[in-house]
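Here the structure is laid out as structure tokens; the discussion comes afterwards.
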Amino acid sequence: MSHLFYQGHGRKPVLDQARGVYMWDTDGKRYLDGSSGAMVCNIGHSNATVLAAMREQMERATFGYRLHFETEASERLAAKTVEKMPEGLNRVFFVSGGSEAIESAMKLARQYAVAVGQGSRWKVISRSPSYHGCTLGALAVTGYRSLTEPFAPMMREMPKVPAPRAYLDGLDPSDPATGKHYADMLEAQIEAEGPESVLAFLLEPVGGASTGALVPPEGYMQRIREICDRYGVLLIMDEVMTGAGRTGAFLGCEHWNTRPDIVVLSKGFAAGYAPLGGIVAPEWMVEPVLGQGGFAHGFTYAGNPLACAAGAAVLDEIDRQGLVANAAAMGKTLLARLHALAQKHEIIGDVRGKGLLTAFEFMADPVRKTPLPKELRAFDRFVQIAYDNGLIVYSRRTRDGVEGDHILVCPPLIVTETHLDEIVAGLDLSLTQFRAELPALGEVV
């Protein structure tokens, strides 16, 4: 019997070791980490340089409370982080993970509004579907019914606008009119809420688990920036999954040259070597807050020197190995290979993504966009088949977490074409086995 309960029903193999893109259980079976864990391990496992940096920091200090000491490691990581940000984003606040970072971004935005006499602004508009974290504050801006519904009485849910799912809506994502169509929904929502009450708009530049690597339609990102500027609404980019190079740019929003007011980082920021997240904000936002007595917020492990030493070493490795460029190049190859799989396996209705954040979505009928019956739990079953074949991938549901199965394929940024060959072969085999288990598609449409 396991004393752990976060694994759900059934036991998983015990992890023995991990190196590069591979992991081994205690029985010696090897797995290719085709999802970087939960899109975390951007530089691969057991990087010797990062481990050495962590050992060095451990010999000096593993903890220093931020109100008692500044630490060299946290200042070094903050400086490295600012170097990679859009101009003007120059103040950093560290936390231990993505949910904490989202909470921090929203609270900084709110405290800034209060400090500059805009206390009527408190609503944070987000998208549906979306996922921004598991704390009650982060769930309030999450649009994913299967995760939020049980806790609805315990939180104040924030307004939502539809995510730009052009594929499901039968619209052309390359048409600027499509981008305008979805962006204008934000403006309509701001007007409906009352512009004086709207604090911020929060989004992932490329969709994560909730929408399966959703790439925004042409013109969407630029227009939401214009709308936010028009109404004095802060634009918060959730780069927890997209940041640290995963999409082929250090930040996902760089692909559209869209300037954020706050950037939220985690996951690949420390690449799984230590719990780490952070927000980056401009001085014009931070200084009024500090001038009113300081940021009324914080966590015990904020700025932990061991986590920051790991994060700084991870950023160095991203640069040293040219992993942002590799993500861009390997991502194009991976997308092409996934499109080829879609031609072979009719159950794949859509392939999408940016860099090494890619996904494919299952359809019973791709023409009518009919999902597989939710009772089949196809997203869980396919992941298990792939896992049995030694390939780790990640899955969720596109339609509010209730139905619409998609599979995320997001290997570490160190991936090579040889690794991609192995990933695609594993997907091909798993798709064949998965399809053999299903009834004829005509029977489930």
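As a basis for the values below, the full set of heavy atoms in this structure was taken, side chains included, without hydrogen atoms, waters or symmetry mates.
A donor and an acceptor atom, one from each side chain of Y231 and E187, are located under 3.5 Å apart. Under the 3.5 Å distance criterion, with hydrogens and angles disregarded, a donor-acceptor pair is assigned to the side chains of E103 and T135. Under the 3.5 Å distance criterion, with hydrogens and angles disregarded, no donor-acceptor pair is assigned to the side chains of H181 and T178. Under 3.5 Å, the side chains of H255 and T247 contain a donor-acceptor pair of N or O atoms. Side-chain contact, Q118 with R121: a donor N or O sits under 3.5 Å from an acceptor N or O.
Put simply, the side chain of D33 never gets that close to the backbone of Y22: no donor and acceptor are under 3.5 Å apart. A distance-only check finds a donor-acceptor pair linking the side chain of S99 to the backbone of C134 [under 3.5 Å]. Formation of a donor-acceptor pair under 3.5 Å by the E100 side chain with backbone atoms of G277 is not found in this model. Side chain of H406 to main chain of A209: a donor-acceptor pair is present (N/O by atom type, distance under 3.5 Å, no hydrogens or angles). Side-chain atoms of R76 never come within 3.5 Å of backbone atoms of T71 as a donor-acceptor pair (strictly under, hydrogens ignored). Y273 places a side-chain N or O within 3.5 Å of a backbone atom of N47 that can act as its donor or acceptor partner. Here the side chain of R127 pairs a donor or acceptor atom with the backbone of E204 at under 3.5 angstrom. The backbone N or O of G98 sits less than 3.5 Å from a side-chain atom of S266, completing a donor-acceptor pair. Looking at K267, its side chain does come within 3.5 Å of a backbone N or O of A38 through a donor-acceptor pair. The main-chain N or O of V402 is found under 3.5 Å from a side-chain atom of R397 such that the two form a donor-acceptor pair.
The existence of a salt bridge linking E287 and R91 is confirmed by a sub-4.0 Å separation between a basic side-chain nitrogen and an acidic carboxylate oxygen. Ion pair R377/D405 not flagged as a salt bridge, since none of the NZ, NE, NH1 or NH2 atoms sits closer than 4.0 Å to an Asp/Glu carboxylate oxygen. One finds a salt bridge joining R30 and E422 here, because a Lys/Arg side-chain nitrogen approaches an Asp/Glu carboxylate oxygen to under 4.0 Å. Between D316 and R320 no salt bridge is recorded (no basic side-chain N to carboxylate O distance below 4.0 Å). Salt-bridge formation is not detected for the pair D380/R396: no Lys NZ or Arg NE/NH1/NH2 atom is positioned less than 4.0 Å from an Asp or Glu carboxylate oxygen.
Aromatic pair F362/F382: ring centres closer than 6.0 Å. Less than 6.0 angstrom separates the ring centroid of F93 from the ring centroid of F295. Between F63 and Y301, the ring center distance clears the sub-6.0 Å criterion. With ring centers used as reference points, Y112 lies under 6.0 Å from W284.
Taking the side chain as every heavy atom from C-beta outward, E75 and L77 never approach each other to under 4.5 Å. Side-chain contact between M85 and V263 is present, with at least one heavy-atom pair separated by less than 4.5 Å. Contact check for C253 versus R259: no side-chain heavy atoms found under the 4.5 Å cut-off. Contact annotation: the side chain of I125 never approaches that of L199 to less than 4.5 Å [non-hydrogen atoms, C-beta and beyond]. For the pair L265 and V280, the minimum side-chain heavy-atom distance is below 4.5 Å. Residues L186 and F201 are in side-chain contact: their nearest non-hydrogen atoms beyond the backbone lie under 4.5 Å apart. Within the 4.5 Å cutoff, no side-chain heavy atoms of N304 are placed close to those of T62. Counting only heavy atoms from C-beta outward, the side chains of L356 and M330 approach each other to under 4.5 Å.
More than 12 non-hydrogen atoms from other residues, nucleotides or ligands lie less than 6.0 angstrom from OH of Y65. Atom CD of E70 sits in a sparse spot, with 12 or fewer heavy atoms from other residues, nucleotides or ligands closer than 6.0 Å. In E56, the CD atom is not crowded: 12 or fewer heavy atoms of neighbouring residues, nucleotides or ligands sit closer than 6.0 Å.
Distance OH/Y167 to CG/D172: 14.0 Å, rounded to 0.5 Å. I423 contributes atom CD1, which lies 8.5 Å from atom OG1 of T358 (distance to the nearest 0.5 angstrom). Note that the CD1 atom of I43 and the CG atom of L413 stand 9.5 Å from one another [nearest 0.5 Å]. To the nearest 0.5 angstrom, D350 atom CG is 11.0 Å from L338 atom CG. Taken from NZ in K123 to CZ in R156, the straight-line distance is 8.0 Å, to the nearest 0.5 Å. Note that the CZ atom of F379 and the OG1 atom of T398 stand 10.5 Å from one another [nearest 0.5 Å].
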Check: Could you go step by step and tell me if R223 and Y182 meet the side-chain contact (heavy atoms from CB on, under 4.5 Å) rule?
Finding: CA-CA 10 Å; R223 185 158 178 81; Y182 288 107; over 6 Å; no

Check: Does the side-chain hydrogen bond (donor to acceptor under 3.5 Å, both in side chains) test come out yes or no for R66 and S74, once each step is laid out?
Finding: CA-CA 10 Å; R66 72 187 191 283; S74 59; over 6 Å; no

Next item on the list: List the steps and the verdict of side-chain contact (heavy atoms from CB on, under 4.5 Å) for I318 and V314.
Entry: CA-CA 6 Å; I318 289 173; V314 165; 4.1 Å; yes

Checklist line | Candidate pair R225 and Q222, rule side-chain hydrogen bond (donor to acceptor under 3.5 Å, both in side chains), full reasoning | finding: CA-CA 5 Å; R225 178 70 267 182; Q222 295 88 340; over 6 Å; no

Next item on the list: Apply the test side-chain hydrogen bond (donor to acceptor under 3.5 Å, both in side chains) to residues D400 and Y144: give CA-CA distance (whole Å), side-chain angles for both, the deciding distance (0.1 Å), then the verdict.
Entry: CA-CA 5 Å; D400 210 16; Y144 208 70; over 6 Å; no

Check: Would M158 and L202 satisfy side-chain contact (heavy atoms from CB on, under 4.5 Å), going step by step from the backbone distance to the final call?
Finding: CA-CA 11 Å; M158 291 291 175; L202 169 67; over 6 Å; no

Item checked: CA sep, side-chain torsions, deciding dist, call: V264, M237, side-chain contact (heavy atoms from CB on, under 4.5 Å) -> CA-CA 6 Å; V264 182; M237 289 290 180; over 6 Å; no

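In this structure, K12 is positioned above the aromatic face of Y387, its NZ or CZ under 6.0 Å from the six-membered ring centre and within 45° of the axis.
When all heavy atoms are compared, the tightest approach of V233 to D261 is O-OD2, 4.1 Å. Across all non-hydrogen atoms, the minimal contact from I102 to H132 is CG1-O, 3.2 Å. What you find for S146 and G401 is that their closest heavy atoms are OG-O, 3.4 Å. In terms of heavy-atom proximity, A244 sits nearest to N42 at O-ND2, 3.4 Å. For the residue pair V289 and L108, the shortest heavy atom distance occurs at CG2-CD1, 4.0 Å. Contact record, L136 with F151: CD2-CB, 4.0 Å, taken as the closest heavy-atom pair.
Test D238, V215, L251, T242 against P205 for side-chain contact (heavy atoms from CB on, under 4.5 Å) and you get one pass: T242. P129 pairs with exactly one of K160, R399, R165, R145 by the side-chain contact (heavy atoms from CB on, under 4.5 Å) rule, that one being R165.
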